Amino acid sequence: MQKLVIGALALVSLGAQAQSSLTVYGVADAGLVMERGGDAGAVQKIGSGVASSSRIGFKGKEDLGGGTVLTYVLENGYSIDTGAAKQNGSLFGRQALICVSGDAGSLSIGHQYTPFYKTLNNVADPFSTGMAGNAQNIFDGTTRVSNTVEYITPRVAGFSADVQYGFGEVAGDTSKNRYLGASGTYEQGSLTVVLAHQQYDNPTGTAHSRNTLLTGRYRFGAITGHVAHARNRDLLGAQSHDTLVGFTAELSGANHLFASFIDHRDETSARQHARQAAIGFSHNLSRRTDVYAAYGHINNSNGAVFRVGTAADNGSGTTGVNLGVRHVF
């Protein structure tokens with residue numbers, strides 16, 4: 001009888017292992033970064049996370065039965081040039097979340113990417129918010145928010161939605177430090193269209209910033225066109241808008257060319273306009289490793305202070321040149 005019980009427990013254990021998994025993954029990205037036009041003069045340095053931020057992460061999954069799956073993500077950002085932790089030293093400062101998903105969609109809790117950022121990174125920007133052409137050099141730079149609850153609907157007839165609420169966690173006033181974000185997506189064949197909006201309340205709950213982004217992407221064979229337009233209002237009520245046009249082109253199975261032009265219009269009396277032009281190239285050495293080069297330049301007007309950065313660095317000048325290598329594991 002004892003042997004029978006032990007055998008049954010062993011089978012249950014094996015079954016549980018078969019229904020759950022743990023994956024260690026990451027990105028190792030480093031390159032040469034040259035910047036011009038900064039207040040302190042020209043800069044030449046080794047940069048980490050030039051095309052994609054360097055990271056190491058853990059993601060797991062467990063099948064709960066009935067089509068319901070529990071997943072979690074714990075992701076740490078690091079600088080490959082120094083070994084130091086990014087995100088102010090947070091252990092899992094890039095992502096930390098737990099999610100339950102099924103036929104009705106997915107519900108997640110934790111420190112997560114915003115719907116606005118995912119729209120900009122995944123659809124609007126040919127550079128995927130990396131290298132010298134990074135759209136976040138101009139567009140809103142809010143990437144992640146803590147203390148969030150997010151619901152993503154299933155895709156029905158090409159439509160899906162993403163809604164996120166970030167708790168300010170200030171006693172006595174739920175509006176302080178609160179974040180609200182949402183996006184709606186239509187995807188059918190070669191066409192993707194997304195409308196995203198976000199609102200961030202200040203620590204006192206007396207004002208909020210907001211950004212609304214409409215973007216489209218269309219694949220013409222080996223070429224993909226990107227267009228995006230954002231309307232912005234900061235905490236002081238100053239309004240602006242950003243427009244992006246760009247493309248990505250698959251020159252061969254291993255070579256890719258991408259370029260974009262961004263126009264920033266300041267609607268205040270200061271008229272601090274800016275324009276960014278960028279071009280980049282990548283070559284796949286293998287399925288997991290590529291080398292890349294990029295050039296970006298920003299023309300600031302009337303005291304605007306936009307800078308050419310990379311995936312992990314805000315940059316110091318108005319012109320940037322990158323040359324690097326990225327490995328995904």
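In this text the structure is predicted, and so the values were computed from the model without any measurement.
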Does the side chain to side chain donor-acceptor pair (under 3.5 Å) test come out yes or no for Tyr78 and Arg94, once each step is laid out? CA-CA 10 Å; Tyr78 67 91; Arg94 287 189 55 84; over 6 Å; no
Quick one: do Phe258 and Asp125 satisfy side-chain contact (heavy atoms from CB on, under 4.5 Å)? Show the steps, please. CA-CA 10 Å; Phe258 27 94; Asp125 188 6; over 6 Å; no
CA sep, side-chain torsions, deciding dist, call: Asn232, Ser240, side chain to side chain donor-acceptor pair (under 3.5 Å): CA-CA 5 Å; Asn232 315 296; Ser240 65; 3.3 Å; yes
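Cation-pi check for Lys59 over Tyr72 is not met; the charged atom does not lie both under 6.0 angstrom from the ring centroid and within 45 degrees of its normal.
Side-chain atoms of Thr143 come within 3.5 Å of backbone N or O of Gly141 as a donor-acceptor pair. A donor-acceptor contact shorter than 3.5 Å is absent between the side chain of Ser79 and the backbone of Asp81. Of the possible donor and acceptor atoms, none in the side chain of Thr224 sits under 3.5 Å from a partner among the backbone N and O of Thr248. Remark: side-chain polar atoms of Thr82 are paired, donor with acceptor, to backbone N or O of Ala84 under 3.5 angstrom. Side-chain N or O atoms of Asn76 include one that pairs as donor or acceptor with a backbone N or O of Leu91 at under 3.5 Å. Between the side chain of Ser90 and the main chain of Gln87, a donor-acceptor pair closer than 3.5 Å is present. Here the side chain of Gln276 pairs a donor or acceptor atom with the backbone of Gly133 at under 3.5 angstrom.
Ring pair His229/His241 is tilted by interplanar angle, where 30° to 60° counts as tilted. The aromatic rings of Phe167 and Tyr165 stand perpendicular to each other, their planes meeting at an angle above 60°, with 30° marking the opposite boundary.
A 6.0 Å sphere centred on CG of Asn302 holds more than 12 heavy atoms belonging to other residues, nucleotides or ligands.
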Hey, can you pull the donor-acceptor pairs under 3.5 Å for the side chains in residues 171-183, sequence neighbours left out?
from   : atom 1 : to     : atom 2 : distance (Å)
Asp173 : OD1    : Ser175 : N      : 2.9
Asp173 : OD1    : Ser175 : OG     : 2.6
Arg178 : NE     : Asp201 : OD2    : 3.3
Tyr179 : OH     : Gln198 : OE1    : 2.8

Check residues 152-161 and write down every donor-acceptor pair under 3.5 Å in which the side-chain atom is one partner and the other belongs to a residue at least two apart or another chain.
from   : atom 1 : to     : atom 2 : distance (Å)
Thr153 : OG1    : Ala161 : N      : 2.8
Arg155 : NH2    : Glu187 : O      : 2.5

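Using a 3.5 Å distance cut-off with no hydrogens or angles, the side chains of Gln136 and Thr129 do not pair a donor with an acceptor. With 3.5 Å as the limit, one finds no donor-acceptor pair spanning the side chains of Ser52 and Asp29.
Interatomic distance, Asn255 CG to Asn284 CG, rounded to the nearest 0.5 Å: 8.0 Å. Between the OG1 atom in Thr318 and the CZ atom in Arg307 there is a gap of 6.5 Å [rounded to 0.5 Å]. If you take NE2 on His111 and CD on Glu75, they are separated by 9.5 Å, rounding to the nearest 0.5 Å.
The six-membered or imidazole ring of His264 lies away from that of His273, with a centre-to-centre distance of 6.0 Å or more. Aromatic ring centres of Tyr292 and Phe281: separated by at least 6.0 Å.
When all heavy atoms are compared, the tightest approach of Ser53 to Ala312 is OG-CB, 3.7 Å. What you find for Pro115 and Gln164 is that their closest heavy atoms are CD-OE1, 3.5 Å. For the residue pair Asp140 and Phe116, the shortest heavy atom distance occurs at CB-CE2, 4.0 Å. Taking both residues in full, the closest heavy atoms of Asn137 and Ala132 are given as ND2-O, 3.3 Å, listed atom of the first, atom of the second, then distance. Between Ala96 and Phe92 the shortest heavy-atom distance is CB-O, 4.1 Å. The shortest heavy-atom contact between Ser316 and Val43 is OG-CG2, 3.7 Å.
By the 4.0 Å N-to-carboxylate-O rule, Asp63 lies too far from Lys61 to be salt-bridged with it. Note on Lys45 versus Asp313: salt bridge recorded, some NZ/NE/NH1/NH2 to OD/OE distance being below 4.0 Å. A salt bridge does not link Arg233 to Glu267: none of the charged nitrogens lies less than 4.0 Å from a carboxylate oxygen. The pair Asp290-Arg326 counts as a salt bridge, with a side-chain nitrogen and a carboxylate oxygen less than 4.0 angstrom apart.
With Pro126 as the fixed residue, the side chain to side chain contact (heavy atoms under 4.5 Å, CB included) test singles out one of Val245, Leu257, Leu244, Ile279: Leu244.
The shortest side-chain heavy-atom distance between Asp162 and Glu150 falls under the 4.5 Å cut-off.
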